[in-house]
Amino acid sequence: MNFFSLRKSKILILIIVILFILSLNFYQKEVKNFFYLISFPAQKFLWKIGDQISDFFETIFEIRTLKKENEILKLKIQALLSENISLKELKNENVILREALRTGLNKEFKLVLAEVIGKDMDRDSILINKGSRDKLIKGLVVITQQKILIGKITEVYPNFSRVSLISEKDIFFNAKIIDKEISGVARGKGRLKVYLDLIPQTEKIEKGDLVVSAPGKTYPKGLLIGYIGEIKKNDVQPFQKAEILPLFDFKELKTIFVIL
Amino acid sequence: MKTILLILFFYSLALIQISFLPYFNIQGITLNLILILVIFLPLFNQNPIFLIRTSISGGFFLDVFSPTPFGFHVLILLGVTFLIKIIIKKYLRSPIFTLD
């Protein structure tokens, strides 16, 4: 076999391998599900180790007790905000008042609990350990226990599902600033950044204003999104926009709820 | 045997990247270990068969653990490897980095 026929055969093998890989797209869900299934134990282990090491380094720089207190207080604030929004929504719509002591999450929605097993920060998505076998389908909304909006399911495998976060690039949905009833469009910009856009220039928004989901096709209303951060106002533009600091902590996401 | 070891190696790297490294991001950016390896490997090994194998293995596992279709990262990494090989051949005079 001379040099050129050897080179040709190598190129042919390369082309066959690439075509084989491309043909896997016909069975994408099955193949990916298989890999997620066999990788799950290792992922869980690595996840746990990563969490522990990350926590270890964090405690070196932060005073441990203050951090714990801060986490407990954050959860309490989020729970109270969630209750407050439910009451305000009811008041506006003239519906029967709900009990104010608990969030009543399971009374509002039918939920499936799931565990986060993978995170892809480059694409603002997470992988959860429930799939079509657990009656999940594309488009289902994902939240935390405190009714904080995380995103929605974009890919479903038999045992797993991929959730696109609200910060995923080019995702947009209706949102509003609670208390001021200022409506806008929340847009994902990637890398965990979300902006509230199309806010009329005449509306006065402030840093720290709370943003929730507004009625629309994408997400149910009243779910917590985040606080207003930096505001970008330009007199030349017809609308102003502001950064939303999401309430969910990407690093701390461990268990979530899928709304059926 | 070498190919199997290579595949296992990239599989492990992909697992570490998706399950361990997200905890250690800088301003939301996580290291893409496989991409870094594919970029630096041509500096140390010029064997084209080896480089193609690493690009395909690395790209395949990047595709498995991301929402992209199969072949997306494979083709990108093959392109990157090819480009780096050309750059090394044309512009790197010193053989310091090449160990064939």
Side-chain angles (χ1 to χ4, degrees), chain A residues 7 10-11 13-14 17-28 31-36 38-55 57-58 116-127 154-155 162-164 167-168 190-193 250-253, chain B residues 3-4 6-36 47-82 85:
Chain A
R7 196 186 157 101
K10 283 181 181 168
I11 291 171
I13 291 169
L14 174 64
V17 168
I18 291 172
L19 284 174
F20 171 72
I21 290 172
L22 290 172
S23 71
L24 289 175
N25 284 306
F26 293 109
Y27 306 99
Q28 203 186 132
V31 174
K32 286 190 177 182
N33 189 69
F34 167 74
F35 276 101
Y36 294 150
I38 59 169
S39 309
F40 181 56
Q43 278 190 284
K44 208 173 172 180
F45 172 73
L46 285 168
W47 203 238
K48 196 176 159 190
I49 299 290
D51 189 19
Q52 285 171 357
I53 295 174
S54 160
D55 275 348
F57 283 110
E58 273 180 34
V116 177
I117 58 161
K119 296 179 185 175
D120 187 349
M121 206 173 272
D122 290 336
R123 284 186 184 78
D124 291 80
S125 70
I126 56 174
L127 199 63
T154 48
E155 283 291 336
R162 186 168 292 280
V163 177
S164 289
S167 56
E168 195 194 29
R191 299 223 185 273
L192 306 179
K193 291 194 189 310
F250 185 79
K251 278 169 71 174
E252 298 299 322
L253 270 180
Chain B
T3 311
I4 293 170
L6 200 68
I7 289 169
L8 285 173
F9 173 69
F10 278 105
Y11 177 50
S12 312
L13 264 189
L15 279 180
I16 291 169
Q17 194 171 304
I18 205 90
S19 307
F20 182 79
L21 288 185
Y23 279 108
F24 306 100
N25 64 85
I26 302 165
Q27 295 290 318
I29 300 168
T30 312
L31 273 180
N32 189 329
L33 292 177
I34 292 174
L35 178 66
I36 291 169
N47 183 344
I49 305 292
F50 174 74
L51 294 176
I52 287 170
R53 278 185 192 158
T54 55
S55 304
I56 290 175
S57 309
F60 177 74
F61 287 111
L62 281 178
D63 286 332
V64 166
F65 292 107
S66 71
T68 54
F70 286 112
F72 180 80
H73 285 102
V74 170
L75 293 171
I76 286 175
L77 291 183
L78 278 172
V80 165
T81 304
F82 182 63
K85 236 183 119 41

Closest contact, heavy atoms only, [X] versus [Y]:
X: A/Ile21; Y: B/Gly71; answer: CG2-N, 3.7 Å
X: B/Ser66; Y: A/Arg123; answer: CB-NH1, 3.7 Å
X: A/Ser39; Y: B/Tyr11; answer: OG-OH, 2.6 Å

Taking atom [atom1] of [X] as the centre, report whether more than 12 heavy atoms of other residues, nucleotides or ligands fall under 6.0 Å from it.
X: A/Tyr27; atom1: OH; result: no
X: A/Phe40; atom1: CZ; result: yes
X: B/Lys85; atom1: NZ; result: yes
X: B/Ile4; atom1: CD1; result: no

Item to complete: Please check if the side chain of A/Lys32 supplies one atom and the backbone of B/Asp63 the other of a donor-acceptor pair under 3.5 Å.
Response: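 It does hold such a pair.
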Worksheet entry | Polar side-chain atom of B/Tyr23 near backbone of A/Lys48 as donor-acceptor pair, under 3.5 Å |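 A pair under 3.5 Å: no.
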Item to complete: Run the numbers on B/Ile56 and A/Leu14 for side chain to side chain contact (heavy atoms under 4.5 Å, CB included), then give the verdict.
Response: CA-CA 9 Å; B/Ile56 290 175; A/Leu14 174 64; 3.6 Å; yes
Is it the side chain or the backbone of [X] that comes within 4.5 Å of chain A heavy atoms, both, or neither?
X: B/Leu21; result: neither
X: B/Val64; result: both
X: B/Ile52; result: side chain
X: B/Phe20; result: both
X: B/Phe61; result: side chain

Spacing of [X] atom [atom1] and [Y] atom [atom2] [to the nearest 0.5 Å]:
X: A/Ile49; Y: B/Ile16; atom1: CD1; atom2: CD1; value: 11.5 Å
X: A/Trp47; Y: B/Ile18; atom1: CH2; atom2: CD1; value: 8.5 Å
X: B/Phe70; Y: A/Phe20; atom1: CZ; atom2: CZ; value: 9.5 Å
X: B/Thr68; Y: A/Asn25; atom1: OG1; atom2: CG; value: 9.0 Å
X: A/Phe35; Y: B/Phe60; atom1: CZ; atom2: CZ; value: 4.0 Å

Please look at [X] and chain B and tell me whether the side chain, the backbone, both or neither of the residue comes under 4.5 angstrom of a heavy atom of that chain.
X: A/Ile38; answer: both
X: A/Ile18; answer: side chain
X: A/Gln43; answer: both

Worksheet item: Highest number of heavy-atom pairs under 4.5 Å with chain B: which of A/Asp124, A/Asp51, A/Leu127, A/Ile53?
Response: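 Ranked by contacts with chain B, first place is A/Asp51.
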Worksheet item: Do you know which of A/Lys119, A/Arg191, A/Arg162 has the most heavy-atom pairs under 4.5 Å to chain B?
Response: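 Maximum pair count with chain B is reached by A/Arg162.
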